[in-house]
Structures are given as C-alpha cells and as structure tokens.
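A short worksheet on the structure shown next.
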Amino acid sequence: SYDATSWAIDNFNVAIEKFNKENEFKIIMEYTTDRLSSKTATYAAGFDVVCLFVNDTADAETIRILSNSGVKMIANRCAGFDRVDTKAALAYGVSLARVPAYSPYAVAEFAISLLMGVNRKIARASSRVK
C-alpha cells in the first residue's frame, strides 16, 4: 500500500485481521509512506496487487515496472482513475479496481462546509487569531 498514513494502516490492519480469521485465503499487506512513481514501483516486487491513493502516479512507465515486477492489479482507495494510465494498464495486463461510490454524502457535506467557511470568513479569522 503506497502513500499509507497511520489512520489508513490502523484501519486496514483491523479489517485484514478480521478477514484472515474468517477466510482460508489470507491477505498479507505491507505499507510505505512513499507515493507510487516510477522510482518507487520496485517496492512492489513479489506482490500481486498494489494499493494507491489520490497522490500516487501510475503512468505508463510505472505500470511497466509494476507489471515486470509481477503486479497483476492496481487497487485505488479513491473513486477515479485520473492518476492511472488505463491504456498502459490494459496493454500490460494489469487489472484496475476503484471505490465506485466514494461517500457522496461526505463529499456533499465537505462542499457545504467549505461554502460556509467562505461565507463566515473562517480562514481570515483563523489567521487573525494566530
């Protein structure tokens, strides 16, 4: 799992432990705080799947390196494929997965809270207080 933060690691570990207790098939996950790029793609050597987040880059060169390292799937912890070269993934036989409905309520709530922050000049007030 690339670009892993402490909250992601803690939540994944709980879910993986539960899954592994209930299933014959076991998941082994390793984490790095580094973002995926052509320079860090070799970290995935020997793994079947890599897990990405919004700041990772899976361009054609990165996908080539992943594929040559044995990676068969890129799983995104986000809704879009904007940071993944989907044509390169198809060409190298790397499957893609994503979160199809990434909490539309949370996105809407965040948008409204940003609007309220602008309306109430919260950023300006915060910097004045600091």
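For the single chain, residues carry numbers from 1 onward in sequence order.
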Any donor-acceptor pair under 3.5 Å linking the side chain of Arg83 with the backbone of Asp56? yes

Validation: residues 105-123 side-chain donor-acceptor distances under 3.5 Å, sequence neighbours left out:
| unit_1 | atom_1 | unit_2 | atom_2 | d |
| --- | --- | --- | --- | --- |
| Ser113 | OG | Glu109 | O | 3.4 |
| Ser113 | OG | Phe110 | O | 2.8 |

To the nearest 0.5 angstrom, please state how far the CG atom of Asn76 sits from the CZ atom of Phe53. 10.5 Å

Does any donor atom in the side chain of Tyr43 or Asp34 lie under 3.5 Å from an acceptor atom in the other side chain? yes

Output the distance between atom CZ (Phe47) and atom CD1 (Ile28), rounded to the nearest 0.5 Å. 8.0 Å

Clusters formed by hydrophobic residues whose side-chain heavy atoms approach within less than 4.5 Å: which one holds Val49, and what are its other members? Met73

Just to verify, what does Lys72 make a salt bridge (Lys or Arg N to Asp or Glu O under 4.0 Å) with, not counting sequence neighbours? Asp48

Ser1 and Arg77: side chain donor to acceptor below 3.5 Å: yes

Enclosure of Lys21 NZ (heavy-atom neighbours >12, cutoff 6.0 Å): no

In Å, rounded to the nearest 0.5 Å, how long is the span from CD1 of Ile65 to OG1 of Thr62? 5.5 Å

Would a 4.5 Å heavy-atom cut-off, applied to side chains only, mark Tyr92 and Lys87 as touching? no

Calculate, to the nearest 0.5 Å, the distance between atoms CD1 and NZ belonging to Ile16 and Lys18 respectively. 13.5 Å

Please list, chain by chain and in numerical order, all residues satisfying side-chain contact (heavy atoms from CB on, under 4.5 Å) with Ala79, sequence neighbours excluded. Tyr102

Please step through side chain to side chain contact (heavy atoms under 4.5 Å, CB included) for the pair Cys51 and Met29, ending with a clear verdict. CA-CA 9 Å; Cys51 186; Met29 191 155 206; 4.1 Å; yes

Any side-chain heavy atom of Leu36 within less than 4.5 Å of one from Thr57? no

Please tabulate, for the side chains in residues 4-11, all donor-acceptor contacts under 3.5 angstrom to protein atoms that are two or more places apart in sequence or on a different chain.
| unit_1 | atom_1 | unit_2 | atom_2 | d |
| --- | --- | --- | --- | --- |
| Thr5 | OG1 | Trp7 | NE1 | 2.8 |
| Asn11 | ND2 | Trp7 | O | 2.7 |

Side-chain contact, heavy-atom cut-off 4.5 Å: Ile74 with Ile63? yes

Within the structure provided, determine whether Ser37 and Glu61 are in side-chain contact (heavy-atom separation under 4.5 Å). no

Flag the pair Thr42 / Thr40 as yes when at least one side-chain heavy-atom distance between them is below 4.5 Å, and no otherwise. no

Under a 4.5 Å cut-off applied to non-hydrogen side-chain atoms, are Val94 and Leu66 in contact? no

Spacing of Lys26 atom NZ and Glu17 atom CD [to the nearest 0.5 Å]: 11.0 Å

Check whether any side-chain heavy atom of Phe12 sits under 4.5 Å from a side-chain heavy atom of Tyr31, and report yes or no. yes

List for me each residue that meets salt bridge (Lys or Arg N to Asp or Glu O under 4.0 Å) alongside Asp3, sequence neighbours excluded, and say none if there are none. Arg35

